[in-house]
Amino acid sequence: RHTKTAPLPTYDEVLVCTPNTEEEEVELIIRRALSSDSQNQKIYCLLSAEKLVYKVSKQLESHFFHLLQSSTVPDFRFIIFCNAKAHNSYVITAFDTYKVTIPCYSMTEIQAYLSKHLKVPCGTAPVTQAFEEPYQQNVKFVFSNQAGMGR
């Protein structure tokens, strides 16, 4: 559900998947989503799930459906984000029944939402001053041509 006031997910609600993501990490987020504590309105997310290796993808499916059968949580919130162009992804195939298309929002709408929710509180660490913009944000992406160089 799209609302302009809904908060962004917290660090414990999101797992950004890579080919190096381990089975234990995937199982942990599924357990969080399907536990009785998950009824506190958190939305658990797997991002880039198409990048999971086959073995971990199979375990994701297995853990999810096993825990779903034993869960007593009727209204859990668990979202798996995949690149729609990754046709060879096991995750996309395994969860195809649950697939939904996300409505597209304009760049302006997305920027407005993020600028509202990514503001740095007053008195926060001076590192945020490294970015000279009219508004300070908690998240900045720094890209480098060389790994680990931070430039």
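Bear in mind that the values here come from a model prediction, so they are computed numbers and not experimental data.
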Under 3.5 Å, which donor-acceptor pairs link side chains of residues 89-96 to any protein atom two or more places apart or in another chain?
| unit_1 | atom_1 | unit_2 | atom_2 | d |
| --- | --- | --- | --- | --- |
| S89 | OG | V91 | N | 3.3 |
| S89 | OG | I92 | N | 3.4 |
| Y90 | OH | K58 | NZ | 3.4 |
| Y90 | OH | E61 | OE1 | 2.4 |
| T93 | OG1 | S89 | O | 3.3 |

### Query
Would you say L52 and L28 are hydrophobically clustered, going by side-chain heavy atoms of ILVMFWY under 4.5 Å?
no

#### Entry: Heavy-atom side-chain contact between L67 and R31 under 4.5 Å
yes

### Summary
For I29 and E13, the nearest pair of non-hydrogen atoms, with its separation, is CD1-O, 3.5 Å

### Task
Run the ring-centre check on F64 versus F78 and record whether the distance is less than 6.0 Å.
yes

### Task
Kindly indicate whether the side chain of L60, heavy atoms from C-beta on, has any atom under 4.5 Å from the side chain of L46.
yes

### Query
Under 4.5 Å between side-chain heavy atoms, hopping through other hydrophobics if needed: is there a path connecting F65 to Y44?
yes

### Summary
Closest heavy-atom pair, A49 versus C82, reported as atoms and distance to 0.1 Å, is CB-SG, 3.8 Å

### Partner residues of K85 under the salt bridge (Lys or Arg N to Asp or Glu O under 4.0 Å) criterion, sequence neighbours left out
none

### Task
Taking the side chain as every heavy atom from C-beta outward, state whether V56 and E22 have any pair of such atoms under 4.5 Å apart.
no

### Message
I'd like to know if the side chain of E109 reaches the main chain of S106, judged simply by a donor and an acceptor atom lying under 3.5 Å from each other, with no hydrogens or angles considered.
### Response
yes

### Query
Would F81 and S48 satisfy side-chain contact (heavy atoms from CB on, under 4.5 Å), going step by step from the backbone distance to the final call?
CA-CA 6 Å; F81 289 94; S48 301; over 6 Å; no

### Message
Would you compute the distance between atom CZ of R77 and atom CG of L34 and round it to the nearest 0.5 angstrom?
### Response
13.5 Å

### Task
Could you pull out all residues at least two apart from E23 that satisfy salt bridge (Lys or Arg N to Asp or Glu O under 4.0 Å)?
none

### Query
Given the rule that I, L, V, M, F, W and Y join up when any side-chain heavy atoms are under 4.5 Å apart, are I30 and L68 in one cluster?
yes

### Query
CD of E50 to CG of L47: how many Å apart, nearest 0.5 Å?
9.5 Å

